[in-house]
Structure formats: structure tokens, C-alpha cells
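Below is one structure, written out as C-alpha cells; the observations come after it.
Below, read A as the first sequence line, B as the second, and so on, with proteins coming before strands; counting in each chain starts at 1.
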Amino acid sequence: MISIKNVQKIYASKQGQVKAVDDVNIEITEGEIFGVIGYSGAGKSTLIRMLNGLEIPSDGTITVANRVVSKIKGRSLRQARQEISMIFQHFNLLWSRTVKENIAFPLEIAGIDKAERTNRVNELIKLVGLEGRENAYPSELSGGQKQRVGIARALANNPKVLLCDEATSALDPQTTDSILDLLVDINKRLGLTIVLITHEMHVIQKICHRVAVMEAGRIVELGSVLEVFKNPQQPITKRFVQQVTEPEETKETADHLIERFPKGKIVQLTFVGEATEQPLITNLIRHHEVTVNILQGKINQTQNGSYGTLFVHLDGDIKEITRAIEYIRSQLVGVEVLTNA
Amino acid sequence: MLEQFFPNVKWDRMWEATTETLYMTSISVIATFILGIILGLLLFLTSKGNIWENKPINTIISAIVNIFRSIPFILLIVLLIPFTKLIVGSMIGENAALPALIIGAAPFYARMVEIGLREIDKGVIEAAKSMGAKTSTIILKVLLPESMPALVSGITVTAISLVSFTAMAGVIGAGGLGNLAYLEGFQRGRFDVTLMATVVILVIVFIIQFVGDYITTKLDKR
Ligand SMILES: Nc1ncnc2c1ncn2[C@@H]1O[C@H](COP(=O)(O)OP(=O)(O)OP(=O)(O)O)[C@@H](O)[C@H]1O
Ligand SMILES: [Mg+2]
């Protein structure tokens, strides 16, 4: 659906040239939710804006839905843009138009007649759950509702691809989740390919199938979300993964736990994919002479399985503890015995 | 009652002068609105980072606008005499004032239009582009509607200036309340005529201000 080949974007600035995007290669398949994560200034916006021709690559080729968007101009670019729509961090609604009129805008651009526009707008209002707010002006809506208008507007012309530039960064966590749920729903229902950029790993974890990690214009890591969570390679990726898997205090907590339980062992278990669904603790107690004390844990759902960590305290005969740990390992669960730091 | 305080005022002349002033003001406001929006759009669109970015054209329009905006109106009328004679055919009467009124006010208004357009969130223009909008659609459906409150409050201010410009033009012979106040009032020492003409001008200005403010608040949905 989307093919990014050897793409570079160089900006000329007073201080010299800025390589905003540096030799990026990505293939995104139809129906996929693909995330790009990176810190501020990594080049994420520049990259996503090249997908609908808002920026033109300095080098390389970008193909979206069989159109070479990096080459086309004028009328054909405008037509392509009706198939590649975009939502924005600050929503970018027309304040002079009501919800209904905002959603109708892309339909006016596409030259759809009035009666059909009205029908389509009503459909979209239902799809994004804005019934009853049709005649409100953007200034009368909450952030989450504004983004729903943005999404409805983006879907108006039945696009093939939806680009999301930090679409949830201006929203509170709860609203973020409801917007993300809506995006997953749309992806499943309409088979829409979604590309989203963010600096929050939570967003990636919650809805993306695959993720690319971007640093200083380059893609430094790319893979399925679960794979990246399980086995992050680059230091920057590890930091992003930590954003969601371990709370900040974990390290301190671990030290604290070791002090509190001088006997036995504190073990950190890491579950990935199906491993989260087996009755591990039950089996552990049934087959081994150990007491298991659950201290702390967290399980994260991703689009291709879950990922979780659990801190337990094992007590009993030292040999039995060792055997128990071996058993856990055999269940394809990661085990790390914590020692004093 | 009125006759007592304004013994020298000829009401039919006063009314005639008022309609002349209203005529000059409304024609010049309409023309200034259109010309100012065109110039303001050009200034905005050719400026850096916009759709028709073009340094030379922007510099030229900007220079013309600044020059005409800086010439005192009274001198502009005099400077434009040959031009006015050419297109109106005379220097006397309301129509003779129109070229100077429009040329004096349009650049002033164009700057206000440009400022109004600059206040539009860049993101909204970009959103329209990302939907595949043509430049004409962006102008008609994004730029003008989104800046409409600023355009209306700007034309209100401009219209009020135009009322006072018509009075100045009147002194030179263009008719209207300024002409009446000067010829019948000042030159013949009839203070009451000058005072009455002033009152009528003030009423016109207050009405323009009131209507302009009302429309501006009605339009502003931000
Ligand atoms: N129009 C431009 N002219 C010059 N430099 C630019 C331009 N746009 C972006 N850049 C530079 O390119 C780099 C990448 O910017 P970009 O906006 O793509 O980052 P980002 O990853 O989206 O960051 P953020 O999370 O802050 O939005 C930055 O160093 C930025 O200064
Ligand atoms: Mg950005």
C-alpha cells in the first residue's frame, strides 16, 4: 500500500543543511496500523507529510496506493490526496463552520452534490459518535470531540490511507484511549491503512501492528510491536519500551523489595504473547514446594498479543527455588532474579 | 424648536448633502472592500511560506500600498486631479471624490486584510491542502470565511475614515456634508449649519460603528 524507498529530506537553513529524513526505507501493507515513534525533532512529521505530498522528498521515491506521490503535482496530486487523508495534533478544524459543515468540506472539494453530502455527513457523524453535536461550532467542543470531527472529515471521501500526525498528543489519557479505540475500530471495519506518528509508546502499544523507531532522521529499529517490546535492540527503543512496561519507580522498588525479603528470592517474570494466558502461578505452586508471593505486576495489551511483567517473591528450600525457576523458564517466560544493586 | 437653535439650516439642503455623503461613502466602502481584499490576498499569498510565495511581486505590491497609505488624503486629492479629470471628466460633484477616496482607503484596508489573513492558523490551510483543495477553494472557503470577523471590523474602521475623507473632499468641491459645512457654514459665518452638519456626520459614524460591531460579533464563532 505504501512504499518508501531511499527517501531523504534536506532543509536548507541559515546554519547549513538539516537532514530531517535520512535514507528511510519502509514498506507498509494494506490494512496495517503502522506507527513511527521518536523524540521531538526526529523527523517524524517531515516523513509523514511526504506521504501526502505536503513535503517533497529531496531524494527517493514514495508510492501510496499505486500513485508516486513524490513525483505527481497539480490535479493528480489533489486527487491522490482525497485517498490519503490526514488528521492533526491541533485538529485544524474551520472555526467558522459547524461540525456538519466541517465534515462536509472535503465532500465539497470532491464535488459531491448537496443531497449526497448530507447523507454522507450523517453517516460519518454516527460512525464517530457525534450524534447531537452536528450543529455545534468547534469552539463548543472538547478536544476529544474535535478530533472525532477531524476523523470524520478525514474519512469523508473513503480514503485508502489515514495519516495521523500526533493525533492524540493534545488529549488527556482517557480521551486518548477513546480516540485510539475509534481508530482501531475504523481500521477493522473499513480495512483502512493507518500510519501514525507519536512520541508516546503507549499509543504504539495500544493500536499498532508494527513500529519504526526514528532517531535523527533515520529509522533505527523496525518490527512487529510485540517483537520490539520483547526484544528492543537500540538504547532509544529500550527507553521507549520502558515508558510503558516499567513505571519509573521500578528500580527503587526492586531494591526495596530485596531489603524487605532477605530470605528467598525476588524474581521478575516477563510474559510475551500466549505466555500471558497460561496458569503459570497455579502450576508453580502445584508442582513445587515453594510459597509464591505476588508483589507487583502489569500486563500490556498490544495488537499482536500481550506483554507483561510480574514481580514475585519465592520462598522455600533453595534447591526447590532453583527448580521452580527452571520450570518457569521452560514455560517460555523470561526470568530475572533480582539481586541488590 | 429646531428652527430656534438652527435658524439658518435649510433642511432640504441638509438632507441633500447627507444623501451625497452617504452616496460617496457607500460606493467608496464597497469599492475599497473589494479592492482591499484583492490587494490583501495578494500581499498574503505572495509572502514567505504561502501558496504563491513570490518575493519581487510581494515587494512591489507592498511598496505601492505603503506609499499610497502614507500620502495625506488632502494631498492625494490634489495629486489625483489629472487622473480624476481623465476618468470622471470633472472635478466637481460626488463622483469626482470617488477615485481619491478609493485609492486612499484601499491600501489602508489591504494591510488590515493581510493582518487578518495572517492570523488564520496555518494548520487549517494545510488541512484544506491535505484534502486536495485547489487554491481558489482555499481562498473562497478557508481564507475569507475564517478571517471574516477581521475583514468586517477592518472595513468598519475604514468606513469611518472614509466618512471623514468625504468631508475633506467636500471642502474641495465634492459636495456632501463637508461641502455644506464649509461653504454655507464656515464661509458665511453660519455656525449653526456647521454644527448641524457635524451632528449628522457623527450620527452616520455611530451607526456604522454599531452595525460593524454587531456583524463582527455575530460572525465570530471562535
Ligand atoms: N520547513 C523546515 N525548514 C527547515 N527545517 C525544518 C523544517 N521542517 C522541519 N525542519 C527540521 O527538521 C527536523 C525534523 O523536524 P520534524 O518536524 O519532522 O520533527 P518531529 O519528529 O515531527 O518533531 P516533533 O515531535 O517536535 O513534532 C528538525 O530538526 C526541524 O528543525
Ligand atoms: Mg512533529
Side-chain angles (χ1 to χ4, degrees), chain A residues 45 48-49 51-55 69 72 74-99 101-111 135-141 146 149-150 153-157 159 161-166 170, chain B residues 33 37 40-41 44-45 48-55 112-156 212-222:
Chain A
S45 293
I48 202 166
R49 289 158 54 83
L51 298 182
N52 63 357
L54 286 176
E55 300 282 354
V69 287
I72 56 176
R75 200 179 150 79
S76 40
L77 177 59
R78 289 199 299 271
Q79 265 163 6
R81 281 173 176 168
Q82 294 181 9
E83 299 196 333
I84 314 167
S85 46
M86 194 168 198
I87 57 174
F88 305 86
Q89 177 173 5
H90 299 294
F91 326 120
N92 298 349
L93 305 177
L94 294 162
W95 63 255
S96 58
R97 288 177 171 233
T98 60
V99 167
E101 292 163 350
N102 263 290
I103 301 174
F105 186 36
L107 299 167
E108 291 167 23
I109 292 172
N135 295 314
Y137 283 92
S139 61
E140 301 163 331
L141 301 178
K146 282 184 201 155
V149 179
R153 182 175 75 171
L155 296 177
N157 285 320
V161 176
L162 178 65
L163 308 174
C164 313
D165 187 347
E166 304 266 7
Chain B
F33 188 65
I37 285 180
L41 275 170
F44 174 75
L45 292 172
K48 199 167 165 3
N50 284 298
I51 305 174
W52 293 338
E53 179 170 343
N54 188 322
K55 190 92 188 272
M112 291 198 236
V113 172
E114 189 200 2
I115 292 168
L117 292 172
R118 271 209 225 137
E119 268 166 21
I120 299 173
D121 187 353
K122 281 265 185 303
V124 175
I125 301 169
E126 194 160 289
K129 271 197 218 164
S130 82
M131 288 176 231
K134 291 188 291 219
T135 304
S136 60
T137 310
I138 294 179
I139 292 173
L140 294 174
K141 297 202 168 187
V142 179
L143 296 181
L144 295 183
E146 291 284 296
S147 62
M148 203 42 88
L151 301 190
V152 172
S153 72
I155 200 65
T156 307
D213 288 351
Y214 179 78
I215 298 176
T216 305
T217 32
K218 267 277 159 201
L219 286 172
D220 202 343
K221 301 290 198 297
R222 271 172 292 196

So which atom in B:E146 and which in A:S96 form the shortest heavy-atom distance, rounded to 0.1 Å?
OE2-OG, 2.6 Å
For B:R222, is the CZ atom crowded, meaning more than 12 foreign heavy atoms sit under 6.0 Å from it?
yes
Nearest 0.5 Å, please: how far is NZ in B:K129 from CG in A:L77?
10.5 Å
Within this structure, what is the OG1-CZ distance for the pair B:T137 and A:R78, rounded to the nearest 0.5 Å?
8.0 Å
Whatever's closer than 4.5 Å to a heavy atom in chain B on A:I84 counts as backbone
Work out which heavy atom in B:V124 is nearest to a heavy atom in A:L93; give both atom names and the distance.
CG2-O, 3.7 Å
Could you look at B:K134 and say if it's the side chain, the backbone, both or neither that has a heavy atom under 4.5 Å from chain A?
both
If you count heavy-atom pairs under 4.5 Å between each of A:R97, A:R49, A:Q89 and chain B, which one has the most?
A:R49
Exactly one of A:P106, A:P159, A:S85 clears side chain to side chain contact (heavy atoms under 4.5 Å, CB included) with B:M131, and that residue is A:P106
With a 4.5 angstrom heavy-atom cut-off, is it the side chain or the backbone of B:I125 that approaches chain A, or both, or neither?
neither
Closest approach of B:E126 to A:F88 (non-hydrogen atoms, all atoms of both residues)
OE2-CE2, 4.4 Å
If you take all heavy atoms of B:S130 and A:M86, which pair is closest and at what distance?
OG-CB, 4.1 Å
Contact between A:F105 and B:V142 at the side-chain level, heavy atoms closer than 4.5 Å - yes or no?
yes
Give, as side chain, backbone, both or neither, the part of A:L54 having an atom under 4.5 angstrom from any heavy atom of chain B.
side chain
What is the minimum heavy-atom distance between B:A127 and A:R153, and which atoms define it?
CB-NH2, 3.6 Å
